[in-house]
Amino acid sequence: AKMLRAYVYMSQPNRNYPAAEQDLKDITNMHYELLDNYEDVFAKTNKNNQESIFEVQWIEDGSTDQYNTIPWRVIPKCSNNDFLMGIAGSNYAGTSGGWCVPTEEMVQSYEDGDLRLDASIAVAEGVTDAAENFTCEAVKTISDYTPTEGKSYYYFIRKYYHPPYAYSLRADDNFPIYRYAGALLLLAENLVEQNKNAEALPYINQVRARAGLPALTEVTAEDVANEMRHELAFENHRWTDLIRTGKALETMSRFADDMRALYPWILPAEFDIKEERLVYAFPLREIQTNYLL
């Protein structure tokens, strides 16, 4: 509750940084702690660990519908999913794969030696036939990956990839909503916004130390935003972080330029991000009900 309220205080039009600071400092006294190994945070054997503030619970024992499909969606569309997942299941159609694909820019944005890279992103390597069906032959770490001549490769999210799975198109990985690392970084952001940069250093450096990175001697808002991007990668915080920090339009404009350079067939209207699109639209039903909207 305090974590959510701190986000609200720091996102509302009139920011209440002192109130959010108090909530976040309260969390630092609630006996949470960072796990030693970043990769362990997401292991199925470590659900609701000492770092977890709130996570969505999933189980799969073959008898309930409390499973998720996340790993099947984030791996590449693949003709031999049994190789990747331990059991066959097509993710070409209804439960389609290849969603939320890490970009080359994202991969290259990690600092040298950042232990979170291999824990967050992996590479599926194989062959693609004339019909564009991909057959995976190997899963490789990304930090030292060199493309093999004549092979296709796809980046995919490794955080939620823990094969072998027992049931086709089903998984039981929990999904993190709030983690203690996120609380530390939000507190660092909060203090920087209040010009308490020196006070922010211990909080961001705790996170960097676990990632195998050197401590910062001074910290800016950009430093904190960059740390959040990599610490919380693929945990569904990036978009609201960009909106909260006022960086959504410029960041998405750069992204649009990159995508258009890679894919010339993208229509001009795509990635047309405007200020009014940073808030949720009125639902159609409400517009039809109340013409004054």
Side-chain angles (χ1 to χ4, degrees), residues 1-10 19-61 66-68 70-71 74 110-111 113-122 141 143 157-163 165 171-192 199-216 219 223-238 240-241:
K2 287 179 181 289
M3 185 74 176
L4 177 56
R5 186 166 66 179
Y7 267 116
V8 172
Y9 283 143
M10 292 174 61
E21 178 185 351
Q22 185 59 59
D23 275 340
L24 293 167
K25 284 186 173 176
D26 286 347
I27 292 174
T28 66
N29 293 316
M30 290 180 178
H31 307 291
Y32 292 104
E33 60 183 37
L34 300 181
L35 300 190
D36 292 336
N37 185 351
Y38 181 78
E39 185 175 352
D40 290 345
V41 175
F42 310 98
K44 292 194 292 184
T45 53
N46 278 336
K47 291 183 176 185
N48 307 302
N49 56 65
Q50 195 70 17
E51 185 171 332
S52 173
I53 294 176
F54 180 51
E55 58 191 68
V56 179
Q57 309 294 308
W58 301 101
I59 61 172
E60 175 51 285
D61 58 8
Q66 302 302 311
Y67 59 86
N68 73 59
I70 295 170
V74 299
Y110 282 81
E111 292 180 54
D114 193 330
L115 301 176
R116 295 171 297 196
L117 175 56
D118 283 336
S120 300
I121 303 172
T141 57
S143 60
I157 299 169
R158 186 172 179 269
K159 260 181 190 182
Y160 316 119
Y161 175 67
H162 301 108
Y165 292 93
D172 58 350
D173 303 69
N174 279 6
F175 191 86
I177 305 298
Y178 298 131
R179 294 194 287 114
Y180 186 52
L184 293 174
L185 292 176
L186 194 63
L187 179 53
E189 177 187 314
N190 178 291
L191 294 168
V192 168
E199 290 183 40
L201 277 170
Y203 300 111
I204 189 173
N205 281 335
Q206 282 186 60
V207 177
R208 287 179 60 82
R210 199 256 303 269
L213 298 174
L216 300 176
V219 60
D223 292 329
V224 180
N226 187 58
E227 208 62 48
M228 281 182 158
R229 182 188 188 194
H230 297 98
E231 176 65 29
L232 305 176
F234 318 118
E235 295 178 43
N236 284 5
H237 290 283
R238 175 67 168 164
T240 49
D241 285 349

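Reckoned from all heavy atoms, side chains included, excluding hydrogens, waters and symmetry mates. Quick caveat, the model's predicted, so the values are computed rather than measured. Residues: numbered from 1 along the sequence shown.
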Practice task
Mark yes or no for whether Asn46, through its side chain, and Phe42, through its backbone, hold a donor-acceptor pair below 3.5 Å.
Solution key: no

Handout entry: Under the ring-ring contact (aromatic ring centres under 6.0 Å, His included) test, residues paired with Phe234 that sit two or more places apart
Key = none

Problem - Asp173: salt bridge (Lys or Arg N to Asp or Glu O under 4.0 Å) partners, not counting sequence neighbours - result: none

Practice task
Would you mind checking if Glu55 and Lys47 are paired as a salt bridge, meaning a charged N to carboxylate O distance below 4.0 Å?
Solution key: no

Exercise for the section: Find out whether Asn48 and Gln57 are in side-chain contact, i.e. whether some heavy atom of one side chain is under 4.5 Å from a heavy atom of the other. Expected result: yes

Below 3.5 Å, can you tabulate the donor-acceptor pairs from side chains in residues 30-40 to any protein atom, sequence neighbours excluded?
residue	atom	partner	partner atom	Å
Asn37	OD1	Glu39	N	3.1
Tyr38	OH	Lys159	NZ	2.9
Tyr38	OH	Glu231	O	2.7
Glu39	OE2	Arg158	NH1	2.9
Glu39	OE2	Arg158	NH2	2.9

Exercise for the section: Measure the shortest side-chain to side-chain distance between Tyr180 and Thr28 over non-hydrogen atoms and say whether it is less than 4.5 angstrom. Expected result: yes

Handout entry: Arg116/Glu111 ion pair, N-O < 4.0 Å
Key = no

Handout entry: Close side-chain approach of Ile121 to Tyr110, heavy-atom, < 4.5 Å
Key = yes

Handout entry: Contact check, side chains of Leu24 and Met10, non-hydrogen atoms, under 4.5 Å
Key = yes

Completion exercise
Heavy-atom nearest pair, Val207 first then Ala181, reads CG2-O, 4.0 Å

Problem - Which residues share a side-chain contact (heavy atoms from CB on, under 4.5 Å) with Ser143, sequence neighbours left out - result: Leu117, Asp118

Exercise for the section: Can you sort out the partners of Tyr161 under ring-ring contact (aromatic ring centres under 6.0 Å, His included), two or more places apart, ordered by chain and number? Expected result: Phe156

Problem - Rounded distance [0.5 Å steps], CG in Leu191 versus CD in Glu21 - result: 5.0 Å

Exercise for the section: Mind checking the CG-CG spacing from Leu4 to Asp23? Nearest 0.5 Å is all I need. Expected result: 10.0 Å

Exercise for the section: In sequence, state the C-alpha distance, the side-chain angles, and the governing distance for Tyr160 and Glu235, and then conclude on side-chain contact (heavy atoms from CB on, under 4.5 Å). Expected result: CA-CA 10 Å; Tyr160 316 119; Glu235 295 178 43; 3.3 Å; yes

Problem - For His237, all residues meeting ring-ring contact (aromatic ring centres under 6.0 Å, His included), sequence neighbours excluded - result: none

Exercise for the section: Without swapping roles, check the side chain of Arg208 against the backbone of Ala215 for a donor-acceptor pair under 3.5 Å. Expected result: no

Practice task
Take Glu227 and Tyr203, measure what side-chain contact (heavy atoms from CB on, under 4.5 Å) needs, and give me the verdict at the end.
Solution key: CA-CA 11 Å; Glu227 208 62 48; Tyr203 300 111; over 6 Å; no

Handout entry: Side-chain touch Asn174/Val56, heavy atoms, less than 4.5 angstrom
Key = no

Fill in the blank from the handout: Separation between CE (Met3) and CG (Leu187), nearest 0.5 Å, reads 10.0 Å

Exercise for the section: Indicate yes or no: at least one non-hydrogen side-chain atom of Arg238 is less than 4.5 angstrom from one of Leu232. Expected result: no

Exercise for the section: Can you measure from CD1 (Ile204) to CG (Leu184) and round to the nearest 0.5 angstrom? Expected result: 10.5 Å

Practice task
Using a 4.5 Å cut-off on heavy atoms from C-beta on, say whether the side chain of Tyr7 contacts that of Asp241.
Solution key: yes

Problem - 4.5 Å side-chain heavy-atom contact, Val41 and Arg210 - result: yes

Problem - Spacing of CD belonging to Glu60 relative to CG belonging to Asp172, to within rounding of 0.5 Å - result: 7.0 Å

Problem - Residue pair Ile59, Tyr67: steps toward the side-chain contact (heavy atoms from CB on, under 4.5 Å) verdict - result: CA-CA 5 Å; Ile59 61 172; Tyr67 59 86; over 6 Å; no

Exercise for the section: Kindly compute the distance separating CZ (Arg179) from CG (Asn49), expressed to the nearest 0.5 Å. Expected result: 9.0 Å

